[in-house]
Amino acid sequence: MPELPEVETTRRGVAPTLENAVIETVTVRHTGLRWPISETLAAVLADRRVRKVERRAKYLLVRFDHGTLLIHLGMSGSLRFVPPGTPPTKHDHVDLHLHDTVLRYRDPRRFGALLWHEGDPATHPLLARLGPEPLEDAFDGDYLYRATRTRRQAIKQVLMDNHMVVGVGNIYANEALFLAGIRPDRPACRLGTEETTRLAEAIRGVLARAIDAGGSTLRDFVGAGGEPGYFQQTYAVYARAGEPCRVCGTPVVQIRQGQRSSFYCPGCQPC
DNA sequence: AAATAATCCTGCGGGC
DNA sequence: TGCCCGCAGGATTATT
């Protein structure tokens, strides 16, 4: 389940090969993603040169002179380079054929998206109203404090709201709250400035460390390898209900927030 | 404005 | 062996 670090790792993995390369042809086997892939996408991309591969939130932005291909990996999407002629398997929905390699989009659950947008990507409806990037300077304790004053919802759910800050999914929301020593069900507006500062730093830290860890998997993007091995790292609380906290030994507690599971340590996150 | 629910889809583990 | 069920999950969209 790609979170922001996986998407950034993917960007770094594909950018060296993709940038300045020409997309010769495009094969679309299955248009049924989160939104249907445009019937004209293949024609729009054919014989066009990739200029840059960027990222906004969890969207990859493949920029051409005449527009941008937005790629979202959803829950189960991945991009891999495979040798030309590699037979597709069940969930390999799209191939971008470069001169001597193929960038293959795979997505078993089909929650992802490939969308074409002309003009400034920032104006796309899906990107226009997103909150700040967690790793950029605009996101800090002061911002988080000010932005949460009117929010009575639980802090964990607010962190996962893309209008507040982008790229914080269920795993890292839980992990960051543990690192900051804040219970996930605290009303966001009740956090003090020290807490929002700790939390903002915890979010930045946990994401930056995960991106660093992903760097070791970059070689997997070239060649025919198996699945990316990224992010089987150990978590402090995520998916560890009933197991002892790695810091204090207190059993990790699981609760339900907005149809999502949350995990916290009552010892390290007393309130 | 803010909060909540529903929704897309497949794979997997548990129970039987 | 295999079926049914529940759950997992990002993020939009609709609804209250």
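Hydrogens, waters and symmetry mates play no part in the numbers below; they use all other heavy atoms, side chains included. Just so it is clear: chains get the letters A, B, ... in the order the sequence lines come, proteins before strands, and each one is counted from 1. Note that the structure is predicted; figures quoted are calculated from it, not measured.
The side chain of A:Gln254 has C:dA8 as its nearest neighbour among B:dC9, B:dG11, C:dA8. Checked against C:dT12, B:dG11, C:dA8, the side chain of A:His91 finds its nearest nucleotide in B:dG11. In this structure, the nucleotide among B:dG11, B:dA2, C:dG9 sitting nearest to the side chain of A:Pro108 is B:dG11. Listed candidates were B:dC8, B:dA3, C:dA8. Nearest to the side chain of A:Gln153 is B:dA3. Counting only heavy atoms from C-beta on, A:Arg256 has its side chain closest to C:dA8 among C:dG10, C:dA8, B:dA3. Side-chain proximity of A:Arg34 to B:dC8, B:dG11, C:dG9: nearest is B:dC8.
At the phosphate of C:dA8, OP1 or OP2 sits under 4.0 Å from a side-chain N or O atom of A:Ser261. Within the structure, a side-chain polar atom (N or O) of A:His72 is placed less than 4.0 Å from OP1 or OP2 of C:dA11. Close to C:dA8, at under 4.0 Å from its OP1 or OP2, lies no side-chain N or O of A:Tyr238. Dashed line: the shortest gap from a side-chain N or O of A:Arg149 to OP1 or OP2 of B:dA2 is not under 4.0 Å.
Annotation for A:Asp137: atom CG does not count as buried by contact number, only 12 or fewer foreign heavy atoms lying within 6.0 Å.
Here C:dG9 presents its P atom at 7 Å from CD1 of A:Ile171, a figure rounded to the nearest Å. Taking atom CE of A:Met75 as the reference point, atom P of B:dC8 lies 16 Å away to the nearest angstrom. Across the protein-nucleic acid pair, A:Asn162 atom CG and B:dA2 atom P stand 16 Å apart, rounded to whole Å. Distance A:Lys58 NZ to C:dA11 C1': 9 Å, rounded to the nearest Å. A:Asp161 has its CG atom 18 Å from the P atom of C:dG9, to the nearest Å. The nearest whole Å value for the distance from the CG atom in A:Leu4 to the P atom in C:dG10 is 12 Å. Here the P atom of nucleotide B:dA3 and the CE atom of A:Met160 are 15 Å apart, to the nearest Å. Rounding to whole angstrom units, CG of residue A:Leu126 and C1' of C:dT13 are separated by 11 Å.
Between A:Arg11 and A:Glu8, at least one side-chain nitrogen of the basic residue sits less than 4.0 Å from a carboxylate oxygen of the acidic one, meeting the salt-bridge criterion.
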Stepwise salt bridge (charged side-chain N to carboxylate O under 4.0 Å, His left out) check, A:Arg49 with A:Asp65: CA-CA 8 Å; A:Arg49 188 178 297 274; A:Asp65 289 332; over 6 Å; no

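Side-chain contact of A:Ser261 with A:Arg256: a donor-acceptor pair under 3.5 Å is present, judged by distance alone. No side-chain donor from either of A:Thr10 and A:Arg55 sits under 3.5 Å from a side-chain acceptor of the other.
Side-chain atoms of A:Arg260 and base atoms of C:dG10 include a donor and an acceptor less than 3.5 Å apart.
Sequence order on DNA chain B of the closest nucleotides to A:Gln157 and A:Gly32 puts A:Gln157 first from the 5' end.
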